[in-house]
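These notes are about the structure you will find just below.
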Amino acid sequence: MVSPSGQPKNPRARSRLTQKQLALHADELGFEPRRAVRWLSPSQLITSGVQVVIAQQFADFADRRDVQDAYEQGVIAVDGSDGDDELWFDFVADLGDGFDGTYTLAHLLAEPEHTVTDTHGDEHVLPRGAVLVMGGDEVYPTASDGAYADRTLGPYRAASAELPRRSGTLLVLPGNHDWYDGLASFLRLFARGYDFGAWRTVQRRSYFAVKLRPKWWLVAVDAQLGTTIDEPQLQYFRDTLWPELAQGDAIILCTASPYWETTPYDADAFDTTGWFEKNILRGKLSDPDDPDSPLVPTGAKVRLWLSGDHHHYDRYEQRLPGAGADVSADAGAGDPSKPDPRRTQLITNGLGGAYTMGIDRLAPSLQLPDPRARQAPAPEEVVDFDAGPTRFPGPHLARRMSWLLAWPFTKYWLPRRNPLFATSMGIAMLLLVGVLWLADFVVRSFHVPWRGPGQVPWGDALIALGVVFVAVPLALGVANGYSAFRHGRARRRRGAQVQREQGVGALSLIVAYLALLVIVGGLFFLSAIDAWHLWGIAWIGIIAVIGGLLGSQAFALVVLFAPPSAMGDFKATGLAWEDGKGFLRLHLDPKTDLLTVYPLVADESTHLWRLDRASDGSTVPAPASGEWPRPRLIEDPITLSREGFGGDALA
């Protein structure tokens with residue numbers, strides 16, 4: 001309610017609002033603030049699983065990249081691309097999940113500048129980027145017009161309400177979640193020239209080549225769920241880049257997933273991206289009209305690889321030529337405080353709004369292309385990379401996040417954070433009770449007079465014990481057999497793949513075993529007193545509640561201690577951590593011809609809001625405290641020169 005003066009009659013009614021309360025003002029805001037996706041909700045797991053299967057099975061039959069060939073798109077030139085002006089631009093990925101994290105980060109991107117301090121005490125003033133690059137997964141859990149409007153467009157439009165219209169350029173690469181509706185909603189929103197808050201969209205396709213400044217390029221490739229690069233897309237890059245690339249040109253390559261991070265447990269993961277870099281960016285046909293003509297160098301090199309998809313910050317840096325594996329990524333050419341800018345960098349930054357992931361699956365070093373891949377590279381083509389000194393979340397925060405999932409006194413406790421998961425565990429317990437009740441009914445039908453000491457009937461308990469001692473070994477054998485089968489089909493993969501399959505089997509066994517023990521205890525009690533009446537009904541209710549909580553806690557403990565694998569990733573999805581959101585701010589300096597990357601993170605998101613009026617009259621959320629979180633540097637700025645060490649390898 002608003003008084004004639006324009007002020008709310010009850011000021012507290014519009015302040016200190018949670019996301020859930022803020023959603024009640026959707027008509028006033030123009031969008032509905034959504035909560036973070038609860039990935040362990042049974043309905044969400046089923047829906048996501050079905051959509052993933054459909055997308056993977058039918059993507060080739062409904063590949064909208066072929067349709068995009070009809071939309072004209074050449075080289076995209078940002079403002080000042082042919083001049084000597086400096087350029088600031090931002091990279092963000094994995095946004096459009098929960099409102100709190102997404103909107104907090106959107107506002108940080110829209111602020112005029114940020115001042116941060118590095119480890120040497122030097123201050124850096126970072127102006128707002130003139131270009132915003134979204135690196136994939138712009139919405140969760142799956143793409144649709146409504147999901148984009150509420151989870152992405154609405155928050156970014158509100159966050160930029162005070163900025164002039166079209167005061168920035170937006171470039172967007174789709175990720176796997178954008179692909180789950182066949183890219184239809186993505187193309188309508190980002191490839192039709194519509195404004196996106198204060199940013200203007202300029203692309204016509206899901207991939208693009210951008211001229212940032214003389215000798216500096218930004219290339220984004222759409223590999224469609226990590227499988228293929230379509231021929232029209234390849235032809236686009238041949239037509240736009242081959243006539244333009246020249247000796248000494250530097251390329252920033254954006255991919256929808258950091259395939260380099262996956263190579264330790266899938267040697268072929270980098271093959272498609274590596275082929276594209278070698279045959280389209282670094283090399284070109286000597287005769288473009290003859291596909292059998294030999295490759296000749298374009299003269300360009302990929303100096304920076306950028307990606308999201310994995311919701312953490314991570315960096316790999318090219319090992320100095322001739323250096324051994326003991327050279328860490330923060331060791332420069334003789335001076336650790338001045339890393340060599342000629343090194344190629346691989347940066348993953350998926351902190352744009354989705355749940356934060358751990359870093360326990362990351363290898364300390366990489367070889368690219370992977371020598372174990374099917375398309376085995378020549379030895380001279382393999383380049384060594386070492387992990388950077390700082391990752392986010394760090395080990396301390398990652399451990400704290402993990403324990404919260406199994407700690408009953410916080411809002412992140414698994415049954416509290418994922419109530420539908422706990423409900424499904426309780427229902428599963430009741431189904432097991434039903435199965436054992438049928439066994440009891442069969443025993444009583446045949447009048448099997450089981451008697452124990454003191455003439456107490458133990459028939460039901462013995463039947464239940466039989467189920468436990470038979471079902472567990474049987475499930476163990478099936479799980480081991482399945483794991484061995486999968487291991488035989490993936491001999492080239494390393495231990496993490498085997499751990500993933502064994503983790504699935506171990507989870508099923510442990511949770512089922514604990515559930516059965518709860519039921520067996522109840523059946524022992526009921527059989528001993530022969531009370532399948534009111535006590536039985538009460539025990540069924542207890543099983544539904546206590547069994548659901550115990551089953552959820554068992555699951556939390558299993559994933560907490562699971563090895564780095566797909567099973568261990570449930571720690572992040574179950575927690576749905578909405579703090580620790582960040583982006584990259586990049587700077588091209590025409591005086592030095594250097595690219596500097598500033599990795600930024602806000603350790604906490606805003607979670608309590610009030611409703612404010614923007615200068616254009618629209619209603620926008622603002623922090624109830626009046627203070628926005630301030631970003632900090634994850635690590636010291638990373639500087640890259642336009643030219644690297646040279647040679648015929650990818651770095």
Side-chain angles (χ1 to χ4, degrees), residues 19 23 26 29-39 41 43-45 47-52 54-56 59 64 90-107 109 132-160 170-192 194-197 199 201 203 205-207 220 222 224-226 254 256-257 307-311 349-357 572-573 576-578 581 583 605:
Q19 168 272 321
L29 292 170
F31 67 97
E32 179 184 346
R34 303 278 193 97
R35 74 171 187 174
V37 177
R38 296 299 187 259
W39 293 101
S41 167
S43 59
Q44 184 60 60
L45 285 171
T47 301
S48 298
V50 170
Q51 289 174 321
V52 168
I54 292 174
Q56 290 177 337
R64 292 182 181 269
D90 297 327
F91 176 87
V92 63
D94 301 285
L95 52 148
D97 191 355
F99 172 79
D100 290 351
T102 297
Y103 186 65
T104 297
L105 192 63
H107 189 275
L109 287 166
L132 174 59
V133 181
M134 293 182 175
D137 288 347
E138 279 72 50
V139 72
Y140 289 87
T142 53
S144 68
D145 291 344
Y148 276 120
D150 289 338
R151 293 185 180 273
T152 314
L153 177 59
Y156 272 76
R157 180 182 289 160
S160 60
L170 179 67
L171 298 162
V172 189
L173 176 68
N176 57 303
H177 290 271
D178 303 289
W179 260 101
Y180 288 157
D181 75 336
L183 220 59
S185 302
F186 175 92
L187 292 175
R188 280 194 292 268
L189 180 60
F190 298 112
R192 298 295 178 265
Y194 302 138
D195 287 351
F196 188 89
W199 292 271
T201 59
Q203 68 196 78
R205 306 185 186 185
S206 61
Y207 47 86
D222 179 7
Q224 185 230 52
L225 300 175
C254 293
S257 186
S307 187
D309 193 37
H310 297 175
H311 308 167
N349 190 65
L351 300 173
Y355 64 87
T356 306
M357 293 173 60
T573 54
W577 185 264
E578 296 181 76
K581 302 308 168 200
F583 62 99
S605 300

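Values in this document were obtained by computation on a predicted structure and should not be read as measured data. Start at 1 with the first residue, then count along the sequence.
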Separation between [atom1] of [X] and [atom2] of [Y], rounded to the nearest 0.5 Å:
{"X": "L132", "Y": "T201", "atom1": "CG", "atom2": "OG1", "value": "12.0 Å"}
{"X": "Y156", "Y": "F196", "atom1": "OH", "atom2": "CZ", "value": "7.0 Å"}
{"X": "F99", "Y": "E32", "atom1": "CZ", "atom2": "CD", "value": "11.5 Å"}
{"X": "T142", "Y": "Y180", "atom1": "OG1", "atom2": "OH", "value": "9.0 Å"}

Could you check whether any side-chain N or O of [X] sits under 3.5 Å from a backbone N or O of [Y], counting only pairs where one atom can act as donor and the other as acceptor?
{"X": "H310", "Y": "G308", "answer": "no"}
{"X": "D137", "Y": "N176", "answer": "yes"}
{"X": "D195", "Y": "G197", "answer": "no"}
{"X": "R151", "Y": "R35", "answer": "yes"}
{"X": "D178", "Y": "E138", "answer": "yes"}
{"X": "S605", "Y": "E578", "answer": "yes"}

Does any part of the side chain of [Y], heavy atoms only, come nearer than 4.5 Å to the side chain of [X], both counted from C-beta?
{"X": "L170", "Y": "Q203", "value": "no"}
{"X": "R157", "Y": "F31", "value": "no"}
{"X": "V37", "Y": "Y355", "value": "no"}
{"X": "F186", "Y": "W179", "value": "no"}
{"X": "T152", "Y": "L95", "value": "yes"}

Atom of [X], atom of [Y] and distance for their closest heavy-atom approach:
{"X": "A143", "Y": "S185", "value": "C-OG, 4.4 Å"}
{"X": "K581", "Y": "W577", "value": "NZ-O, 3.2 Å"}
{"X": "P33", "Y": "Q19", "value": "O-NE2, 3.0 Å"}
{"X": "A106", "Y": "P155", "value": "CB-O, 4.3 Å"}
{"X": "S257", "Y": "D309", "value": "OG-OD2, 2.8 Å"}
{"X": "G175", "Y": "A256", "value": "CA-CB, 4.2 Å"}

>> Quick one, W199 with M134, criterion side-chain contact (heavy atoms from CB on, under 4.5 Å). Give me CA distance, side-chain angles, the key distance, then yes/no.
In response: CA-CA 12 Å; W199 292 271; M134 293 182 175; over 6 Å; no
> So which of D97, N349, D94 actually passes side chain to side chain contact (heavy atoms under 4.5 Å, CB included) with H311?
Replying inline: D94
> For the ring pair H177 and W39, is the centre-to-centre distance below 6.0 Å?
Replying inline: yes
>> Could you go through L153 and Y148, starting from their C-alpha distance and side-chain angles, then the distance that decides it, and tell me whether this counts as side-chain contact (heavy atoms from CB on, under 4.5 Å)?
In response: CA-CA 6 Å; L153 177 59; Y148 276 120; 5.5 Å; no
